[in-house]
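Take a look at the structure set out below.
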Amino acid sequence: MLQTRIRFGLIFLFIGLGILLLLKTGISGAWPLFLGAFLLLITHFLFGSVWVAFNQLKRGNPLKAAVILNQIKRPEWLIKRNRAYYYFTKGMIDLQNKHLEQGENNLLQALDIGLEKNADLALINLNLAHIYYLRKKFDRARQHLAEAKAQNANDLLIKDNITKLEKAMAAAN
């Protein structure tokens, strides 16, 4: 939120100063300011505030993360990596709010786009396995659980939750 305001404040400042310099000295003095404003605007659409939202989620602030993500109006314009983490973060927020279908769709989109870290891939697959377990779609749950295990994530919480879900699935059969 604050970063978006600062970014747009700088864009308007650069454009305003650029216009003043254009009128005083011509294009030679103004073009760097126009270029700076253009670059700030482009980076806003390509990168958004995905990492700020992702970090808020990791810190346990899903409400702040949701507010930040809701400011991104065109996620399809984000670069591939940021778009994947946009859907990952959105899916995790949906799951925390018990919106399983939306969470599933967002996590599947993130998985299709591709994440970079093994721990993130393991977390997505673990959550998808849990969703399918709750829906009694055990074959799909096993498939995503196997994918989660294959990531060899070093996160002890992920390993512990994989073990718990394996025990729950064994008891369900």
Side-chain angles (χ1 to χ4, degrees), residues 1-8 42-173:
M1 292 188 311
L2 179 63
Q3 291 167 333
T4 303
R5 288 184 193 153
I6 291 171
R7 185 182 307 223
F8 279 107
I42 291 297
T43 58
H44 172 74
F45 289 112
L46 293 178
F47 301 108
S49 301
V50 174
W51 296 112
V52 177
F54 183 66
N55 285 326
Q56 287 297 326
L57 183 66
K58 284 172 69 174
R59 290 184 184 141
N61 299 321
L63 292 176
K64 283 184 180 179
V67 168
I68 293 167
L69 281 185
N70 287 335
Q71 292 179 348
I72 300 172
K73 302 300 181 201
R74 304 259 184 211
E76 65 273 7
W77 290 1
L78 295 169
I79 62 171
K80 183 180 176 180
R81 179 176 185 230
N82 287 33
R83 192 170 55 249
Y85 279 92
Y86 169 86
Y87 288 113
F88 174 57
T89 305
K90 197 159 184 62
M92 295 304 290
I93 292 169
D94 288 338
L95 293 182
Q96 287 184 357
N97 293 326
K98 308 283 190 243
H99 302 278
L100 296 182
E101 191 170 323
Q102 286 176 307
E104 174 190 1
N105 291 336
N106 285 319
L107 292 178
L108 286 171
Q109 271 189 289
L111 203 55
D112 286 343
I113 295 169
L115 299 173
E116 295 179 356
K117 295 183 179 179
N118 286 352
D120 297 336
L121 288 167
L123 190 57
I124 279 187
N125 281 297
L126 177 62
N127 280 291
L128 287 170
H130 186 254
I131 291 169
Y132 294 129
Y133 169 75
L134 292 175
R135 292 185 178 163
K136 300 186 183 336
K137 296 180 180 180
F138 298 118
D139 289 338
R140 291 191 76 182
R142 279 189 207 89
Q143 177 187 8
H144 283 285
L145 194 57
E147 285 290 324
K149 287 175 70 174
Q151 297 303 319
N152 293 323
N154 292 330
D155 190 317
L156 294 177
L157 190 59
I158 292 173
K159 288 180 179 181
D160 185 44
N161 284 321
I162 288 172
T163 304
K164 286 179 184 177
L165 189 54
E166 282 178 329
K167 288 178 184 177
M169 287 180 62
N173 288 335

Ignoring hydrogens and angles, tell me if any N or O in the side chain of [X] forms a donor-acceptor pair with the backbone of [Y] under 3.5 Å.
X	Y	value
K73	N70	yes
D94	H99	no
D160	L156	no

| task | Just jot down the salt bridge (charged side-chain N to carboxylate O under 4.0 Å, His left out) partners of R81, sequence neighbours excluded, or say none. | result |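 Result, salt bridge (charged side-chain N to carboxylate O under 4.0 Å, His left out) vs R81: E116.
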
State, to 0.1 Å, how close [X] and [Y] come at their nearest heavy-atom pair, and which atoms those are.
X	Y	answer
Y85	K117	OH-N, 3.7 Å
I72	S49	CD1-N, 3.9 Å
L145	M169	CD2-SD, 3.9 Å
A122	I158	CB-CG2, 4.0 Å
V50	N82	CG1-O, 3.5 Å
A110	A84	CB-O, 3.3 Å

| said: Does any part of the side chain of I93, heavy atoms only, come nearer than 4.5 Å to the side chain of T89, both counted from C-beta? | reply: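 Counting from C-beta outward, T89 and I93 do come under 4.5 Å.
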
Can you tell me how far the [atom1] atom of [X] sits from the [atom2] atom of [Y], to the nearest 0.5 Å?
X	Y	atom1	atom2	value
Q109	L111	CD	CG	11.0 Å
I79	T43	CD1	OG1	10.5 Å
L165	L126	CG	CG	6.0 Å

| Between F88 and F54, how do the two ring planes meet: parallel, tilted or perpendicular, split at 30° and 60°? |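 Rings of F88 and F54: tilted, 30 to 60°.
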
